[in-house]
Amino acid sequence: MTIQEMQERIAQLKKEKNAVILAHYYTRPEVQDVADYLGDSLGLSQEAGKTDADIILFCGVHFMAETAAIISPDKRVLTPVLGAGCSLAEAITGYELKRWKEEHPDGLVVSYVNTTADTKAYTDVCCTSANALEVVKALPEDKEILFVPDSHLGAWIQKVTGREMTLWDGHCCVHHIVDGEMVIEAANKYPEADILIHPESICSSDERVLNMPNAYFYSTAGMVKHAKESPKRQFVIATELGTIHKLQQDSPDKEFIPISERLICAQMKKVTLEGVLEALEKEQYVVKIDEPMRSDAVKSIDAMLKL
Ligand code: 13P
Ligand code: SF4
């Protein structure tokens with residue numbers, strides 16, 4: 001089957017089955033092109049909560065499909081691939097949080113949304129890279145906070161908000177390579193460009209980068225918005241390379257330069273167009289979170305959406 005034939009068949013199946021396809025910016029371009037909604041972690045969670053489709057086919061890594069299943073238990077949530085992991089989600093378990101809470105009964109656990117349902121079940125409030133600053137700023141001043149699992153995102157939040165937190169020692173294996181030297185080199189090479197950096201990057205607490213006038217920290221959706229609205233013509237992109245597909249689609253006359261060709265999330269790329277078609281045809285693989293874990297986990301997402 002050609003790509004076009006697959007895309008046509010997917011469109012037909014979506015209609016027949018009242019299915020919606022949600023995809024993250026890090027998926028392959030041909031997968032992004034069949035999505036009804038393309039977005040960052042925050043946008044995708046919001047979309048999963050408001051769709052009236054019967055089936056949500058989630059194109060992303062496993063924790064994202066789990067999040068959709070937590071938010072929409074009455075929908076059939078499908079993932080085209082089993083075993084698409086994430087180094088952040090795998091860095092912590094619910095059991096470890098349970099232990100911490102026993103030792104810190106008055107403490108609050110803030111979890112980045114890149115966590116399993118089990119971890120979310122022991123979390124007080126979730127956040128994404130798009131709302132992390134607002135979420136932490138809204139928490140009571142007198143509470144001890146444990147921030148999991150991304151130490152780089154946590155360090156960035158501490159720097160920007162001034163709020164002290166205990167940070168878990170996890171990181172994204174993709175953004176971990178974006179350090180201060182890499183950003184300084186890019187800034188010297190492209191002095192006219194804005195540098196758009198994901199806060200999962202190791203440089204997100206590096207003063208040299210934080211003080212650069214043309215460096216901005218954003219979630220992926222924030223980058224897309226900034227590039228679209230900015231009068232600048234050139235942008236250095238410090239996040240997973242899949243994002244450049246949307247950036248270029250929105251602004252064909254602007255130039256987007258990846259800060260490194262190594263910024264590829266192999267787990268996100270496991271989702272293929274063939275897999276999407278097969279998932280719709282066979283209605284596989286179903287992602288369902290059992291009770292009471294789901295009800296416990298949804299509280300942390302509701303707390304985030306309320307804030
Ligand atoms: P956002 O979707 O919040 O930009 O995060 C990127 C990411 O790494 C998702 O796994
Ligand atoms: Fe996880 Fe990093 Fe891949 Fe996002 S880019 S899914 S945080 S490993």
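First listed ligand is number 1; within each ligand, the first listed atom is number 1. Just so you know, these numbers come straight off a predicted model, no measurement behind them. We count residues from 1, following the sequence as given. We use all heavy atoms of the structure for the numbers below, so side chains are in, but hydrogens, waters and symmetry mates are not.
Near Asn114, meaning under 4.0 Å from one of its heavy atoms, ligand 2 places the atoms 7 (S). Short contacts between ligand 2 and Leu88, defined as distances under 4.0 Å to a heavy atom of the residue, involve ligand atoms 7 (S).
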List, pair by pair, the atoms of ligand 1 and of the protein that are both N or O and lie under 3.5 Å apart, giving the separation rounded to 0.1 Å.
unit_1	atom_1	unit_2	atom_2	d
ligand 1	2 (O)	His24	NE2	2.6
ligand 1	2 (O)	Ser41	N	2.8
ligand 1	2 (O)	Ser41	OG	2.9
ligand 1	3 (O)	Ser41	OG	3.4
ligand 1	3 (O)	Ser129	OG	2.6
ligand 1	4 (O)	Ser129	OG	3.4
ligand 1	4 (O)	His198	NE2	3.0
ligand 1	4 (O)	Thr220	N	2.9
ligand 1	4 (O)	Thr220	OG1	2.8
ligand 1	5 (O)	His198	NE2	3.2
ligand 1	8 (O)	Glu200	OE1	3.2
ligand 1	8 (O)	Glu200	OE2	3.0
ligand 1	10 (O)	Asn114	ND2	3.2

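Residues that satisfy the salt bridge (charged side-chain N to carboxylate O under 4.0 Å, His left out) test with Lys228, not counting sequence neighbours, are absent from this structure.
Arg99 CZ: 12 or fewer foreign heavy atoms inside a 6.0 Å radius.
Only the side chain of Cys265 comes within contact range of ligand 2, with a heavy atom under 4.0 Å; no backbone atom does. With a 4.0 Å cut-off on non-hydrogen atoms, Glu240 does not touch ligand 2 at all.
Side-chain atoms of Gln12 and Glu8 include no donor-acceptor pair closer than 3.5 Å.
Among the backbone and side-chain atoms of Cys172, no N/O/S atom is found under 2.8 Å from atom 3 (Fe) of ligand 2.
Taken to the nearest 0.5 Å, the CD1 atom of Ile202 stands 10.5 Å off from the CD1 atom of Ile177.
The stretch residues 115-135 participates, sequence neighbours left out, in these salt bridge (charged side-chain N to carboxylate O under 4.0 Å, His left out) pairs: Lys101-Asp124. Applying the salt bridge (charged side-chain N to carboxylate O under 4.0 Å, His left out) test to pairs two or more places apart or on separate chains, those with a residue in residues 26-42 are Lys14-Asp36.
Among protein heavy atoms, the minimum distance from atom 1 (Fe) of ligand 2 is reached at Cys86 SG, 2.4 Å.
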Practice task
Quick one: do Gln234 and Glu255 satisfy side chain to side chain donor-acceptor pair (under 3.5 Å)? Show the steps, please.
Solution key: CA-CA 5 Å; Gln234 195 183 50; Glu255 186 186 6; 3.0 Å; yes
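Of the residues listed (Leu38, Leu57, Ile56), the one engaging Leu22 in a side-chain contact (heavy atoms from CB on, under 4.5 Å) is Ile56, and it is the only one.
His152 and His176 have parallel rings, their planes meeting at less than 30° on a 0 to 90° scale where 60° marks the start of perpendicular.
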